[in-house]
Amino acid sequence: MDKNFYITTPIYYPSAKPHMGHAYSSILADFFARFKKIDGHNVHFLTGTDEHGLKIQRAAENEGKDTLEFCNELSKTFRDLSNILNLSNTDFIRTTEKRHKISVQNLWQELKKNDDIYISKYSGWYSVSDEAFYSDEEIEDINGKKQSIISKSAVEWMNEESFFFRLSKWEKSLLKYYEDNPDFLSPESRKNEVISFVKGGLKDLSISRKSFSWGIQVPENKEHVIYVWLDALTNYISALNYPDMKDSLFKKFWPASVHLIGKDILRFHAVYWPAFLLAAKIPLPKKIYSHGWILSGEEKMSKSKGNILDPIKIIKEYGLDPLRYYLIKEVSFGNDGSISKERLEDCINSDLANNFGNLCQRVVSFAFKNCSGEIPSQIKFLDEDLKILEKFKTDINLIRKKIDKLDVNYYINYIVDRLFEANKYFNDQEPWKKKDDILRLNSIVYTSLEIIRKICIMLFPIIPDSSIKALKIFGMNESDINFSSIEDHMKLDFGKKINQINILFKKIEKNND
RNA sequence: GGCGGGGUAGCUCAGUUGGUUAGAGCGCAGGACUCAUAAGCCUGAGGUCAGUGGUUCGAUCCCACUUCCCGCUACCA
């Protein structure tokens, strides 16, 4: 088994404030990173900011700020978000860093050396905000202003010398790669889109700009700046100290296990990035997963509709773990998902407070009243105890498999099933009626505590803080969390003091209007 | 226009390599209990599994057509 795991989020373009989509990508990536970590993998988890391009340059000019200082401020809001989201990222890369510049310029030279770059002329409609060229058919004229039909962003006519990447040359290799590596692109529906796009024919890609300066210079021509996507995508290897492919980080973690992205940037990751890597003779990442968007109710969030849910505000109001839990549970992975306060509140009350929180509370409280606050030492499992305990052991490899397929919904629903089961078990065994049968009472309490331990471990990647809080019952810390230990039924030390816990999740009082 | 995905209980979604009574959660209505955050447990309400036709002993799951939604792409596979 491959014990090294490298996962990335997109590097975020900081021209706007962090929104729910950023939070979602980051939280999902963190979920996988944390899971792999507690399942014994060496994990490298990268996120960061993409800071070059005309849009940033102009925004800085408008505010009369030095571009780099401007970027420092913007990047910080995303670094702060990583902290607010409690990400376990092992690195945070900025495209304005020196290590990245060296990496990009080196990749350029590799491409050049292999005859994948040539100079020519480009003319066409260019959108600064999209960093993309459009053909005549793709633009419309609104009140004398030209704009992209798709993105509605303003376009301007550009006519300049540009370097091109021979993307067309890689068409067949890409198709072959998709075919030979069926797991490379997922979900399946997105894969089909990519394949049909590539089959439609690839044009060479303009990979330099002369019209602005905020970017990484083309090594052999200082009048040109490297196209932002070639620049940005390279971050995934810059962070591993490329071009030093003998560097331990690179050797350990490349090719990446998963690039987690939003569906809007699929083409760059599924076509351009693999083509660049093929051309540079660098192995391709193992998996690219594009998730959907987070919608507000039925609609895409937009300022004009006033339906934006700011992740930071939500976290201030409800706490981080509820948001993490909600996004992972309620969004069907790969599809668009919607978020609303009502649903978030339902989720907190029913799943987190009533189901999980209350389970911990009732068992611990019972143990304090009836087992002098200790892990019972005199126990004898009956079939009904073993049945519920062994479920975890039976399913552990299935769970791992589902995670490798990035099926987070399966994972979280599995936990919810176990929670229902645990509450039912405690109910059915009626330990409060077993006060004259201490052996049985002890066994029920021990079994229940064991189930709580297993469930908390499984919850750790989803709601790390709350999981750790609950594991304090057993005096466990983050470093004690080990996924494979859910197989063990007698992990709790006999006679050890257990700790009382506070309410894990407060219920939300709902207005009845 | 082409390609792909999808239309399953009030809501959010599972599921069926075709086979007796189609599932979960939330919400709702009853019930028994009391360890617990008035939490948990049990029971129920019955959705023509988008529509029509076909294949089959039998289709929600296969095929065809229709319709609606979404994504990609665009006179080209």
Side-chain angles (χ1 to χ4, degrees), chain A residues 134-138 149-150 171 175 185-203 262-267 270-271 290-293 295 297-300 325-327 329-340 342-371 402 407-435 441 444-445 448-449 452 466 470 500-510 512:
Chain A
Y134 293 106
S135 64
D136 284 335
E137 298 84 52
E138 288 172 312
I149 293 171
I150 304 160
E171 193 175 311
L175 289 170
L185 297 173
S186 57
E188 202 75 17
S189 55
R190 301 272 160 228
K191 173 176 168 180
N192 294 334
E193 282 175 21
V194 171
I195 291 173
S196 78
F197 173 77
V198 175
K199 277 187 178 163
L202 297 173
K203 283 186 225 157
K263 65 183 183 183
D264 48 326
I265 52 174
L266 177 62
R267 186 181 305 165
V271 181
S290 56
H291 66 245
W293 287 331
L295 311 175
E298 292 291 300
E299 296 171 318
K300 208 177 163 182
Y325 185 90
Y326 178 86
L327 288 175
K329 168 125 188 284
E330 295 290 308
V331 179
S332 175
F333 200 35
N335 297 325
D336 290 351
S338 61
I339 180 165
S340 73
E342 290 74 28
R343 296 199 152 274
L344 176 59
E345 289 176 1
D346 287 345
C347 216
I348 292 169
N349 286 351
S350 47
D351 283 28
L352 294 174
N354 293 348
N355 210 345
F356 173 57
N358 187 240
L359 173 71
C360 297
Q361 205 70 34
R362 71 194 295 204
V363 173
V364 168
S365 169
F366 190 87
F368 263 85
K369 287 178 185 165
N370 299 283
C371 310
K402 292 287 186 180
D407 193 344
V408 296
N409 297 115
Y410 180 91
Y411 183 88
I412 197 163
N413 288 324
Y414 184 91
I415 298 173
V416 172
D417 285 348
R418 299 288 79 68
L419 280 168
F420 279 114
E421 225 170 61
N423 271 309
K424 180 172 165 50
Y425 167 85
F426 202 70
N427 251 63
D428 290 353
Q429 297 307 316
E430 301 180 308
W432 50 89
K433 287 186 183 168
K434 302 283 168 18
K435 296 191 180 171
L441 184 148
I444 296 166
V445 170
S448 300
L449 289 170
I452 289 173
S466 307
Q500 190 58 271
I501 48 162
N502 294 322
I503 298 285
L504 285 169
F505 298 95
K506 273 193 197 140
K507 293 185 71 168
I508 311 289
E509 297 290 337
K510 298 203 127 192
N512 298 318

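Letters go in sequence order (proteins before strands), and every chain restarts at 1.
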- Quick one: side chain to side chain contact (heavy atoms under 4.5 Å, CB included) partners of Lys424(A), sequence neighbours excluded?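 Checked Lys424(A) against side chain to side chain contact (heavy atoms under 4.5 Å, CB included); matches are Asp428(A).
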- Query: Closer to the 5' end of RNA chain B via nearest nucleotide, is it Glu421(A) or Asn192(A)?
  - Reply: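 Nearer the 5' end of the strand: Asn192(A).
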[X] versus [Y], closest heavy-atom pair with distance:
{"X": "Ala367(A)", "Y": "Val445(A)", "value": "CB-CG1, 3.9 Å"}
{"X": "Gly201(A)", "Y": "Glu171(A)", "value": "CA-OE1, 3.5 Å"}
{"X": "Leu441(A)", "Y": "Pro431(A)", "value": "CD1-O, 3.6 Å"}

Rounded to the Å, how far apart are [X] [atom1] and [N] [atom2]?
{"X": "Asp407(A)", "N": "rA14(B)", "atom1": "CG", "atom2": "C1'", "result": "11 Å"}
{"X": "Lys199(A)", "N": "rC76(B)", "atom1": "NZ", "atom2": "P", "result": "18 Å"}
{"X": "Arg190(A)", "N": "rC3(B)", "atom1": "CZ", "atom2": "C1'", "result": "14 Å"}
{"X": "Glu330(A)", "N": "rA14(B)", "atom1": "CD", "atom2": "C1'", "result": "13 Å"}

- Message: Among Tyr325(A), Tyr326(A), Phe505(A), Phe356(A), which residue satisfies the side chain to side chain contact (heavy atoms under 4.5 Å, CB included) criterion with Asp351(A)?
- Response: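 Of the listed options, the one satisfying the test is Tyr325(A).
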Whole-angstrom distance between [N] and [M], as gauged at atom [atom1]:
{"N": "rG25(B)", "M": "rA14(B)", "atom1": "C1'", "result": "10 Å"}
{"N": "rU67(B)", "M": "rC26(B)", "atom1": "P", "result": "39 Å"}
{"N": "rA9(B)", "M": "rA22(B)", "atom1": "C1'", "result": "10 Å"}
{"N": "rC61(B)", "M": "rU56(B)", "atom1": "C1'", "result": "14 Å"}
{"N": "rG10(B)", "M": "rU48(B)", "atom1": "P", "result": "8 Å"}
{"N": "rG47(B)", "M": "rC11(B)", "atom1": "C1'", "result": "13 Å"}
{"N": "rU20(B)", "M": "rA38(B)", "atom1": "C1'", "result": "42 Å"}
{"N": "rU12(B)", "M": "rG7(B)", "atom1": "P", "result": "13 Å"}

- Message: Taking only side-chain N and O atoms of Lys329(A), does any of them lie within less than 4.0 angstrom of OP1 or OP2 on rU12(B)?
- Response: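 It does not, given that no N or O in the side chain of Lys329(A) lies less than 4.0 Å from OP1 or OP2 of rU12(B).
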- Query: Is the Phe366(A) ring parallel, tilted or perpendicular to the Trp432(A) ring (thresholds 30°, 60°)?
  - Reply: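 Perpendicular.
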- Quick one: what's the B/S/- string for nucleotides 26-38 of chain B, heavy-atom cutoff under 4.0 Å, read 5' to 3'? S-------SBBB-
- Item | Selected nucleotide, minimal atom distance to Arg343(A) side chain, candidates rU12(B), rC72(B), rC42(B) |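 Nucleotide nearest to Arg343(A)'s side chain: rU12(B).
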Hey, is the main chain of [Y] close enough, under 3.5 Å, to the side chain of [X] for a donor-acceptor pair?
{"X": "Asn354(A)", "Y": "Asn349(A)", "answer": "yes"}
{"X": "Lys434(A)", "Y": "Gln429(A)", "answer": "yes"}
{"X": "Asn423(A)", "Y": "Leu359(A)", "answer": "no"}

- Item | Pairing string, 5' to 3', for RNA chain B - Watson-Crick or wobble contacts under 3.5 Å, brackets [ ] where pairs cross, | to another strand | (((((((..((((.....[...)))).((((.........)))).....(((((..]....))))))))))))....
